[in-house]
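This one's a predicted model, so the numbers in the text were calculated from it and none came from an experiment. Chain letters run A, B, ... following the sequence lines, proteins first and then strands; every chain starts at 1.
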2 protein chains.
Amino acid sequence: MANALIRRLEAYVRLSADDRKALLLAAGEGIRTFDARRDLMREGDEPRVVNLILSGWACRYKTLPDGRRQIVALFVPGDLCDPHIYILKRMDHNVGAITPVTAAQVGRDSFERLISERPRIVQALWWHELVVTAIQREWTLNIGQRTAYERMAHLMVEMFLRLQTVGMAEGNSIEWPLTQLDLADATGLTPVHVNRTLQAMRRDGLIELAGRRLTILDMAALKSTAMFNPEYLHLEHEGAHLDANE
Amino acid sequence: MANALIRRLEAYVRLSADDRKALLLAAGEGIRTFDARRDLMREGDEPRVVNLILSGWACRYKTLPDGRRQIVALFVPGDLCDPHIYILKRMDHNVGAITPVTAAQVGRDSFERLISERPRIVQALWWHELVVTAIQREWTLNIGQRTAYERMAHLMVEMFLRLQTVGMAEGNSIEWPLTQLDLADATGLTPVHVNRTLQAMRRDGLIELAGRRLTILDMAALKSTAMFNPEYLHLEHEGAHLDANE
DNA sequence: CGATGCCTTGAGACTGTTCAAATTAGGTGG
DNA sequence: CCACCTAATTTGAACAGTCTCAAGGCATCG
């Protein structure tokens, strides 16, 4: 079940058998399931656990007092919500399930045991954290500078690649559980405008989107209209010098 | 010179004399100065050092192939650009000086020595990293959901509070080296519209902005139009249980 | 005192919004 | 398996916020 995390971390560094075992052990405790649209953590809560998404899609979101809502990040299997989050006294945002979600909730103690015993995992977690932050920056750029059309194209390419690294792309298509309202909240657009932009993307032959499945018909064109530069995902195998030699 | 960092980390946890000494030592090596508008690090570079801003303002920014530019973060004295950045193979963004900047560039080795010997500093750095990420999330919300007027109000309150925690606010005013073009790039607006929005804010008696100095005339009103919730800055003294007992 | 960068102004155009309603799809219970 | 209920998508038309382009004014610094 936690294979996605291992697969994800191994985008950075190959882990030893012991590392993998320790990860699986930590992820094995405290597995919880959440219905779609339920919150895993809520703003104001004291964070006590580190969430690891095992299956389903989740999101981080923030709201304004008048109800405006921004999805600031998406989580797919293998994503770790926030290593060390328990350092903070209160959550400054919410984590919500988009689909039904199963998550491993690792308590502070076992998390700290894990990192105190497995230095290679510490490195991998830092890498993970840096990548998550880099994605957040790219979203800021995305919302700040790209047009609606480019913005949605960018999000689609990103999610496709991220799912691909955990083995969840099937050819040129992925599961796409986001409603148009979710998409609107993630891109800072209106649901109505999202709808119209999707229609334009279909008309242009870039994508097919129906029945909670996204098929990318022309990846080259999609990437180029999105001005997609994959560097920020840091997907190449960067920590080769740290590889476990098993 | 590195007092701002200590002051900033001590927003989280009180450090021991030894901790402080170790920080000052690390920050003392490799001090460099940069002219305004120069880059400290550039996209594509291999990151070798951790930058600590000692004086001046800097920013992180990303650009699109056609020249559009987004400032995704601002740095003021006491900010650490990216602990552990050297884990990544290449920079996915630029760090540029807004004003003349002096920065301590801590090499990988001395950085790792610092954190291997001083566990309380490790905690403090994780806190720092979590706060930086939280700010990035708030910027995503800011650009995605707030109007131009609200957005600029929010940025002003944030920078005021951040400067205040490092002792660089003077009453209700701060240095404000951002040109309207910088402001536009940071908020995802047009320079023209920034100009008009500033005029509206002045007309409404919220601020005074002239000669690179921002004075907040009505903090309560500014906060409320910005829907400012300071939680994301995690400014309260959170790590009390970790305090050095000296 | 001239040059350069920054700020300001105007008018018109466009992207994305608002509001409201109709249509379709998906899930559930009978 | 159909009927229903609700959630999600789609459409239209008017509107608003922000942008574009272009020009003029001001300030600071050598």
Could [X] and [Y] be called an ion pair, given the rule that one side-chain N must be under 4.0 Å from one carboxylate O?
X	Y	result
B:R146	B:E138	yes
B:K62	A:E231	no
A:R162	A:D79	yes

Between A:R48 and A:Y86, is NZ or CZ placed under 6.0 angstrom from the six-membered ring centre and within 45° of the ring axis?
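Output no; distance or angle outside limits.
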
Take A:T63 and A:R69 through the test side-chain hydrogen bond (donor to acceptor under 3.5 Å, both in side chains) and record every step on the way to the result.
CA-CA 4 Å; A:T63 55; A:R69 173 170 180 264; over 6 Å; no

Indicate, with a heavy-atom threshold strictly under 4.0 Å, whether B:G211 touches base, sugar-phosphate, or nothing.
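Since no nucleic acid heavy atom lies under 4.0 Å of B:G211, the category is nothing.
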
Drop me the distance from [X]'s [atom1] to [Y]'s [atom2], to the nearest 0.5 angstrom.
X	Y	atom1	atom2	value
B:L163	B:E170	CG	CD	10.0 Å
A:N142	A:R151	CG	CZ	7.0 Å
A:M156	A:L183	CE	CG	6.0 Å

Contacting residues from residues 139-157 of chain B, given that a heavy atom lies under 4.0 angstrom of DNA chain D
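Those residues whose heavy atoms fall under 4.0 Å from DNA chain D, taken from residues 139-157 of chain B in numerical order, are B:T147, B:A148.
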
For nucleotides 9-11 of chain D, print each protein N/O atom paired with a nucleotide N/O atom at under 3.5 Å, atom names and distance only.
{"unit_1": "D:dT9", "atom_1": "OP1", "unit_2": "A:R212", "atom_2": "NH2", "d": "2.9"}
{"unit_1": "D:dT9", "atom_1": "OP2", "unit_2": "A:Q180", "atom_2": "N", "d": "2.7"}
{"unit_1": "D:dT10", "atom_1": "OP2", "unit_2": "A:Q180", "atom_2": "NE2", "d": "2.6"}
{"unit_1": "D:dT10", "atom_1": "OP2", "unit_2": "A:N195", "atom_2": "ND2", "d": "2.7"}
{"unit_1": "D:dT10", "atom_1": "OP2", "unit_2": "A:R202", "atom_2": "NH2", "d": "3.3"}
{"unit_1": "D:dT10", "atom_1": "O5'", "unit_2": "A:N195", "atom_2": "ND2", "d": "3.2"}
{"unit_1": "D:dT11", "atom_1": "OP2", "unit_2": "A:Q199", "atom_2": "OE1", "d": "2.6"}
{"unit_1": "D:dT11", "atom_1": "OP2", "unit_2": "A:Q199", "atom_2": "NE2", "d": "2.8"}

What is the distance from CG of A:D185 to C1' of D:dA8, rounded to the nearest Å?
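A:D185 atom CG is separated from D:dA8 atom C1' by 14 Å.
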
Spacing between A:L209 atom CG and D:dA8 atom C1', to the nearest angstrom
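Rounding to the nearest Å, CG of A:L209 and C1' of D:dA8 are 12 Å apart.
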
With no hydrogens and no angle check, do the side chains of A:Y61 and A:D182 hold a donor and an acceptor under 3.5 Å apart?
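On atom types as modelled, these side chains do not qualify, holding no pair under 3.5 Å.
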
Does anyone know the first and last nucleotide of DNA chain C in reach of chain B, 5' to 3', at under 4.0 angstrom to a heavy atom?
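It runs C:dC6 to C:dA11.
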
Look at the aromatic rings of A:Y232 and A:H154 and report parallel, tilted or perpendicular, splitting at 30° and 60°.
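Ring orientation, 0 to 90° scale: parallel.
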
